[in-house]
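Data block below; observations after.
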Amino acid sequence: MLSSPISYRIVEGALVLARKSFPWQAIYQMGQFALNQTGRAYTGKVPLVWTSAFFPVEIAWSLQLCPFSPEVAAAFITGIGFGQEALSMGEEAGYSRDLCSFHRCIAGAARAGHLPRPRALLASTHLCDGAPLLFQNMAEIYNAPCFTLDVPYAADRDAEVYVAGQLERLWHDLAEATGRRPDRVALGETLRHSNGFRENMIRANELRCRVPSPISGNDMLAFIYLFFIGQGSREAAEISACLAKEIEEKIAGGRWGGVEKFRLLWLHLKPYYSNEVMSFIEQAGGVLAFEEFNHIYWPPLDPDEPFLSLARKVLAHFDYKPVEERIRVIRELAEKYRVDGIIHFSHHGCRQSTGGSLILKEALQEAGWPVLLLDGDCLDGRNEAAGGMLTRLQAFFEILEERKEGCLI
Amino acid sequence: MLGWVCTYTPEEIFATLGLESCRLYGDDRGEYPKADLEYLPVNFCPLGRACLNEGMGKGNPSLTGVVLTASCHALVHLANAFRYAGERRGKEFFVHLLDLPRTFDGNDAAVRAFASSLRALAGRLSSFYGVAWDEGAFSGALRAHQSVRRLLRELYQLRMGQPENFRAAGLLEIVRAAGRAKKDEFHPVLDGIVNTLKGNENGESRGGGSQAATLLAVLRRRGSPRGPRLLVAGSPLPFAYLDLIEELGGNIAGDDLCQGYRYCLPDVEEGPDPFISLARGYLERVPCPRMLAGRERFSHLLSLARKTGARGIIYHALKFCDSSLYEYPLFREYFAGAGIPVLYLETEYRDAGLEQARTRIQAYLELLGEQAGD
Ligand code: SF4
Ligand code: SF4
């Protein structure tokens, strides 16, 4: 069914009919983009490449390939209710329950033949230890080449040159493996689209400084799709432009508002297997004023120096530096978005994010922000850490409430 | 005194600069001491937590810094924790995170990148400790490290021929001692051990002094030597598990552990640029699970199994060690294809849980026995 073009036409029709019910046209457009991409992925007309969450996907777009993010697919599979099945299959295949559930889910879904077959796999080593290891295993299953971008931790000149050199080699090797012609003009065009996306997201993020918040953080977390898959595509540039424009219009029209009991900064991703946590926050009057994932941290790309500037982008990530850098960025965001508290969603299998969370919490608390480390799992509702999340949130909101009352006195 | 954890850390650099160093292992017995939990979460590499405790705990006042490789997020956050804990205690503490390429197929770019990380490390150490790099001292340090590694490999060779007579945890204890010692001082000890083992049947010590005698004593096998030969692979494991395997009759003929054989492997050839020599020597040794070299690693281990006559492999994964946990599914499949059954053990780098493991190891050894028609 997934490989039949008819399926996509049916879903596309349903999407068009439901267009008006989308809170934001940008989300509707993103739905269309995602559908179109998924169709391309499963029908196999364009060579498909799997890209890991933080791989500079511009490389794939510039070769007119179809990028596919298995992490996003795992969240989608979970969202439509097949997560448990895929997780169990991953565990049967030997993937421990201590591993990131995104990856267990991917391993299970791949084993069951639910994921589209890649012509090549592209993984980067920064931020996620698991992705390159998983991709290595998946390359065996699909008998496809896996290209790994080795990203050093120190972001100095040597590191830039090292990463840029690998990117250039990888770009040519990937072109050869997928039967594409490497074209510098197309690469330059891709980088311009990527810059468009970056600028539009910065615009949208600036608008989000308004109090009350003009857009819900839960809606904004949906744009993670563009971060993982879209950067470098014309569509992502257009959708993000639409998003910024819609927020602008909303503010200009004075049509926004609502009671904001607590403004929150959200770190890492959210649970996808159930909406319970997000609804609870909303019902308690909490608003995600900003999310760590939507922060634009990298400088603009230079189409005349494509590989070097992509290398700089990759190396610029604030989470791939001493934890003090993450603390600095989070403090800045907390001030900028005038939040009352910070929630770190501690996804069970994520060493990168959770590993530094205790230090992060202590430092941010000393700087005056209440912090909640919310232990849970993005995809696996069976995880015992997930139990008690609402109770912990409730207790955190009580602290925030007391602080507010204290301020009034 | 500098602490380090990962076997991709070239100790030669410390020795050249005249700095003492010791490998951190953390305590692998009993329950977690409370201090472990201060800056690292519970769902985090237990070895990393144990090393934080060892390095920052009361028992190690001589430690003035650590050099950790950016091999995995466990070590990255361990570096954060050391730095943070050092600052909190108002202690001037040296923390360096050493970049280490993740992929290596013999290409010069990775060698150059690693060499540049090593040069940066030497530079930082020089200015922090006020010591200078000396080419002559480097040659001496290189020779001393090479000869210790050569002797360790010889010891492994001796064990390979007659694993029934060796205690695997004892061998790892010798490797551990090597990682903590000044190499020129440890060389005669090791030499004494090797000579003793080669030279006489009754195990009388032949040189190396009292340390050699003590280490020879820990090498002595206690368990029953009747069972099949095995290899041990995966993440560093508590010694008590190795003793248990032997107590149940398994004969450990080789290992693929960073706390074991992989430590003994780097072969560094002196060349015009010391950092390039070190980078190449360390990168060219048999890769560890984080190096994304699955099949290459497995084929080394397979040939070791064939050479030693090992019928099975015990694969140990530390809880939350992504490098091992992701490798395992492929590992299991590969060795199943080669007709070598794998037993999977998971621990928290503690000897707790030994009793549950007993039954599984027993059943596994029986299975290997049946397969061989014993
Ligand atoms: S959640 Fe963490 S471990 Fe999982 S895929 Fe993302 S970065 Fe990797
Ligand atoms: S045991 Fe695993 S997680 Fe721990 S430091 Fe070693 S590679 Fe990293």
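First the proteins, then the strands, lettered A, B, ... as listed; each starts at 1.
- Considering only heavy atoms from C-beta on, B/Asn80 comes within 4.5 Å of A/Glu324 through its side chain.
- The choice from B/Ser117, B/Ala120, B/Ala109, B/Ala79 that makes the most heavy-atom pairs within less than 4.5 Å of chain A is B/Ala109.
- Of the two parts of B/Ala115, neither the backbone nor the side chain holds a non-hydrogen atom closer than 4.5 Å to a non-hydrogen atom of chain A.
- Of the possible polar contacts, one joining the B/Asn43 side chain to the A/His348 backbone as a donor-acceptor pair under 3.5 Å is found.
- Put simply, the side chain of A/Gln136 does not reach to within 4.5 Å of the side chain of B/Tyr326, judged on heavy atoms.
- Electrostatic pairing of A/Arg351 and B/Asp322 counts as a salt bridge here, judged by a charged N lying under 4.0 Å from a carboxylate O.
- Contact of A/Glu91 with chain B is not made at all, since no heavy-atom distance falls under 4.5 Å.
- B/Glu333 has no carboxylate O lying under 4.0 Å from a charged side-chain N of A/Arg111, or vice versa, which leaves the two without a salt bridge.
- Between A/Val323 and B/Tyr84, the closest side-chain pair of non-hydrogen atoms is not below 4.5 Å.
- Looking at B/Arg119, there are no atoms closer than 4.5 Å to chain A (heavy atoms on both sides), in backbone or side chain.
- Heavy-atom distances place the side chain of B/Arg295, and not its backbone, under 4.5 Å from chain A.
- Proximity to chain A (any heavy atom under 4.5 Å) is restricted, for B/Val76, to the side chain, taken from C-beta onward.
- Heavy-atom distances place both the backbone and the side chain of B/Leu292 under 4.5 Å from chain A.
- Chosen from B/Ala113, B/Ser323, B/Ala81, B/Pro101, the residue pairing most often with chain A at heavy-atom distances under 4.5 Å is B/Pro101.
- A 4.5 Å side-chain heavy-atom check between A/Ser96 and B/Tyr328 finds every atom pair outside the cut-off.
- Heavy atoms of B/Ala110 lying under 4.5 Å from chain A belong to its backbone as well as its side chain.
- For B/Arg102 and A/Asp129, the salt-bridge test passes: some basic side-chain N is under 4.0 Å from an acidic carboxylate O.
- Looking at heavy atoms from C-beta onward, A/Ile359 lies out of side-chain contact with B/His77 at the 4.5 angstrom threshold.
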